[in-house]
Amino acid sequence: MADKEMTRGAQLRETLIYKRKNGYDRMSEGDLQAMEAYCVGYKQFLDAGKTERECVDRTVALAQAAGFKPYERGMTLNPGDRVYRVNRGKAVMLAVMGKRGLDCGVNIAAAHIDSPRLDLKQNPLYEAEELGYFKTHYYGGVRKYQWLAVPLELRGAVALRDGSVVRVCIGSGEGEPRFVINDLLPHLGAEQAKKLMAEAVPGENLNILVGSRPLADDDGADRVKLTVLELLHEKYGIVEEDFISAELCAVPAFNASDIGFDRSLIGAYGHDDRVCAYASLAALLELGTPERTAVCMLADKEEIGSEGVSGMQSSAFDTFMEDLCAGQNVSLNACYEKSFCLSADVTAAYDPNYAEVYEKRNSAFVNYGMGLCKYTGARGKSGASDASAEVVAYVRRVLDEAGVAWQMAELGKVDAGGGGTVACYMANRNIDTIDAGVPVLSMHAPFETVGKLDCYMTFRGMRAIFNAK
Ligand code: MN
Ligand code: MN
């Protein structure tokens with residue numbers, strides 16, 4: 001409106017007030033096409049990787065195809081070199097060497113590739129009234145009722161006494177059998193329905209139905225269990241005792257799919273946090289030779305506190321970084337103090353159906369872009385790695401300069417609950433860190449929902465961070 005003068009109020013509104021905008025209002029036709037193409041790759045990544053081990057395998061395959069080599073200690077590296085190291089098959093670190101030395105610090109994206117699920121116990125198989133079951137122990141924060149009466153598949157690994165490892169994947173292939181945890185029928189559920197949601201389904205009731213056919217021509221005990229064991233032995237060469245050294249888990253038996261008439265969303269198991277893991281990985285794989293070395297860390301065990309040798313608290317990450325630093329005679333701590341980390345993890349998307357737990361002014365909205373969290377934690381920010389104002393300003397600038405749609409995100413109302421990420425473990429290493437990631441609807445459910453625009457913008461955000469000088 002060049003010919004018409006703006007009122008003073010309109011001018012002030014224009015310059016002073018912070019406006020949030022739906023990301024679709026700033027997407028070009030080219031952006032929309034790039035978003036769709038990106039999401040095709042993401043959905044493939046989801047279907048291939050439903051456990052951290054599988055995500056590592058898929059990551060290594062993609063990395064090798066993009067010219068990455070396994071890093072060996074003492075290797076001489078030059079700018080542009082691309083390397084990775086796998087930690088015990090469950091976590092993976094990748095780096096693209098920058099033009100500048102490691103004494104200038106590195107740009108890190110740290111995401112996790114474990115997701116809530118049902119792990120099998122170490123002595124899982126039993127028979128009750130001629131039905132065969134697996135006992136489970138849930139992993140991560142699950143709402144137990146959501147795992148009843150949904151098709152499940154079995155994935156994982158069985159380590160045998162001789163050191164060999166048998167990989168298990170059953171239920172995802174065309175025509176393969178699946179598994180299920182049965183629920184109570186409503187006709188007999190009146191008493192249960194009066195219970196608190198958290199108590200209605202005890203953890204010890206999450207028993208997976210795995211068979212019902214008794215062994216023929218036999219009058220001994222546990223004939224159904226024996227049939228199941230015989231089939232497992234035929235297919236995988238394992239016996240019951242081998243469950244003791246197995247990591248098998250039940251995950252939802254549905255693949256990623258578009259959601260909505262307009263196909264603007266993706267429904268899948270494990271968006272948390274493969275949606276950020278894939279964004280970080282995809283951005284790293286397409287990187288040329290960055291100014292600063294770019295590092296992508298895909299960690300395990302975030303859902304249970306980032307503990308253990310494959311979690312973000314493990315010094316496996318420090319060892320990898322120290323090895324890279326040793327090649328340039330740089331001390332690890334000197335590298336860390338100049339480094340920047342984007343703790344790439346999902347946040348909650350505002351859900352109008354549960355408006356009471358959100359605080360609208362500070363919530364992330366679907367399609368408003370990558371969500372930045374200055375802090376996570378619970379109650380008085382307990383457990384948060386509260387990023388400094390300067391760090392937030394830095395990220396604002398980097399994302400704006402790269403044309404990335406982003407928004408600030410707080411999980412929910414102050415006293416409604418909370419959550420944590422790997423951010424505090426990176427910050428404890430003296431690395432400036434901020435949380436950022438995709439807003440998710442029904443987080444931690446067997447089938448979570450995200451907006452394609454937010455997935456794509458998170459990828460663009462990672463790319464901007466890796467390219468930052
Ligand atoms: Mn997460
Ligand atoms: Mn989570």
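Given the structure is predicted, the values throughout are model-derived calculations rather than measurements. Order of listing sets the numbers, starting from 1, for every ligand and every atom in it.
By the criterion of a separation under 2.8 Å, the protein N/O/S atoms near the Mn ion (ligand 1) amount to H112 NE2, D272 OD1, D345 OD1, D345 OD2.
Among heteroatoms of the N, O or S kind in H444, NE2 lies nearest the Mn ion (ligand 2).
Classified by interplanar angle (parallel below 30°, tilted 30° to 60°, perpendicular above 60°), the ring pair Y278/F45 is tilted.
There is a side-chain donor-acceptor pair under 3.5 Å between Y139 and D114.
For K452, the salt bridge (charged side-chain N to carboxylate O under 4.0 Å, His left out) test picks out E36, D258, with sequence neighbours left out. Scored by the salt bridge (charged side-chain N to carboxylate O under 4.0 Å, His left out) test, K19 finds no partners at all (sequence neighbours excluded).
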Donor-acceptor list for residues 58-71 side chains, cut-off 3.5 Å, not counting sequence neighbours:
from, atom 1, to, atom 2, distance (Å)
T59, OG1, C55, O, 2.7
Q64, NE2, Y84, OH, 2.7
Y71, OH, D323, O, 3.3

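Taking a cutoff of 4.0 Å between a charged side-chain nitrogen and a carboxylate oxygen, E204 and K135 qualify as a salt bridge.
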